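See structure below.
Since the model is a prediction, treat every value here as computed from it, not as a measurement.
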Amino acid sequence: MFLLICGTAVSCARPSSPISRTGFYFDTVITITLYDEGQESVLDDCFSLCGQEEALLSRTVKGSDIYNINSSKGRPVTVSLDTARLLEKALDYSRLSDGAFDCTIAPLTTLWNIKENTGDIPSEEKIEDALSHVSYKNIVIDKNTVTLKDPEASIDLGGIAKGYIADRLKELLLSKGVKNALINLGGNVYALGTKPDGSPYNIGIQKPFAQEGTALTSVKISGQSLVTSGIYERYFEKDGRIYHHLLDPHTGWPASNGLYSVTILSENSVDADALSTACFILGEEKGMELIESLEGTEAMFVTDKEELHYSSGFPR
């Protein structure tokens with residue numbers, strides 16, 4: 001996903017120019033742009049928050065809450081209240097999606113290692129072994145104490161953390177008096193307020209497998225989050241088949257359901273983030289059924305024929 005402002009990929013001119021900063025957190029490039037009379041100190045605070053959250057939620061940062069849980073071998077671990085609340089939210093979406101979203105997917109993501117994998121397909125035996133340790137029901141939360149019932153289980157919040165952090169950034173900006181801003185956490189976009197001329201932001205949705213910045217379509221939003229999950233983000237190809245990072249917690253394999261991507265529109269980015277993954281794994285029929293059951297949430301499914309299928313209230 002990328003930003004289209006006034007029909008182009010750059011910002012509109014205005015008397016008081018916006019200020020923007022880009023950094024690298026959560027294994028992705030993030031950009032925050034302020035359209036009010038922004039202060040560099042506000043961006044300092046935003047990126048400080050990103051660093052703090054990464055230090056809590058990344059499974060690869062030694063000493064983070066998630067790293068400590070995964071290294072505990074089933075022993076109870078005391079975590080921050082924020083981490084406990086996010087894990088509770090993740091469990092809510094696991095239950096809602098019948099396990100299509102499952103933050104204990106880490107044994108499989110580690111096994112497949114799609115980001116660095118150049119063509120090594122795990123054996124069925126290894127997949128079954130990793131799969132045996134994937135179940136959100138292994139997570140027990142008591143206030144801010146977290147226990148994994150399976151000592152070999154491990155957590156990966158990659159399917160929900162960026163949405164949660166986008167919401168935290170929104171709250172921080174509002175507390176600093178910022179009313180108009182764009183938060184882009186590598187495909188997780190939150191549009192605070194409006195463009196300088198008062199109109200909604202026009203957010204371009206990436207055309208699958210096309211050059212970065214090539215729009216398949218765009219959506220006008222204000223005060224909402226737009227999150228896309230797609231197979232073109234991280235994948236390798238072998239013998240004419242694409243193996244991507246959206247792993248099915250029920251099978252242990254990359255989901256194969258005729259979809260290229262799912263885009264979710266909602267008020268809160270944490271919801272859009274979890275649902276984009278869940279609905280992709282569920283597939284179009286079950287995913288659409290889930291979306292239509294939720295208030296204030298819409299979806300666009302892109303098939304492997306690049307057909308666009310929309311929920312009943314998705315803006316077009």
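- Taking the six-membered ring for Trp, Y136 and Y93 have ring centres at least 6.0 Å apart.
- Rounding to the nearest 0.5 Å places OG of S276 at 12.0 Å from CG of L265.
- Once rounded to the nearest 0.5 Å, the distance linking OG of S225 with CD1 of I183 reads 8.5 Å.
- Distance check: L185 CG to Y25 OH gives 11.5 Å after rounding to the nearest 0.5 Å.
- Nearest heavy-atom pair, L192 versus Y201, reported as atom, atom and distance to 0.1 Å: O-OH, 3.1 Å.
- Results of the side chain to side chain contact (heavy atoms under 4.5 Å, CB included) test with I160 over L86, L87, L57 single out L86 as the only residue that passes.
- A side-chain donor-acceptor contact under 3.5 Å links D248 to the backbone of H250.
- At least one donor-acceptor pair closer than 3.5 Å links the side chain of K162 to the backbone N or O of G186.
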Q: Take T297 and D271 through the test side-chain contact (heavy atoms from CB on, under 4.5 Å) and record every step on the way to the result.
A: CA-CA 9 Å; T297 305; D271 301 323; 5.8 Å; no
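- Between W253 and Y243, the ring planes are tilted. Angles from 30° to 60° get that label.
- Look at R59 and D156 and you find a salt bridge, because one of the NZ, NE, NH1 or NH2 atoms lies within 4.0 Å of a carboxylate O, short of that distance.
- Defined by atom type and a distance below 3.5 Å, a donor-acceptor pair is present between the side-chain atoms of Q52 and S48.
- In this structure, CG in L246 is found 6.5 Å from CD in E233, a value given to the nearest 0.5 Å.
- At least one donor-acceptor pair closer than 3.5 Å links the side chain of N144 to the backbone N or O of V79.
- Applying the 6.0 Å contact sphere to CD of E306 captures more than 12 heavy atoms from other residues, nucleotides or ligands.
- A salt bridge does not link K286 with D98: none of the charged nitrogens is closer than 4.0 Å to a carboxylate oxygen.
- With hydrogens and angles disregarded, a donor-acceptor distance shorter than 3.5 Å links the side chain of E298 to the backbone of G313.
- The pair D82-R85 counts as a salt bridge, with a side-chain nitrogen and a carboxylate oxygen less than 4.0 angstrom apart.
- One finds a salt bridge joining D44 and R21 here, because a Lys/Arg side-chain nitrogen approaches an Asp/Glu carboxylate oxygen to under 4.0 Å.
- For the atom pair CG (D120) and CD1 (I114), the distance works out to 10.0 Å, reported to the nearest 0.5 Å.
- Among L34, L172, I19, D36, the one residue that satisfies the side chain to side chain contact (heavy atoms under 4.5 Å, CB included) test with V42 is L34.
- T194 and G198 get closest at one heavy-atom pair: OG1-CA, 3.5 Å.
- Within the model, atoms CZ of F301 and CZ of F314 stand 10.5 Å from one another, a figure rounded to the nearest 0.5 Å.
- Distance alone, capped at 3.5 Å, places no donor-acceptor pair between the N180 side chain and the G193 backbone.
- Remark: the S266 side chain and the N268 side chain contain no N/O donor-acceptor pair separated by less than 3.5 Å.
- Contact record, G159 with F101: O-CE1, 3.6 Å, taken as the closest heavy-atom pair.
- For the pair E284 (side chain) and T303 (backbone), a donor-acceptor distance under 3.5 Å is absent.
- Formation of a donor-acceptor pair under 3.5 Å by the S64 side chain with backbone atoms of S58 is found in this model.
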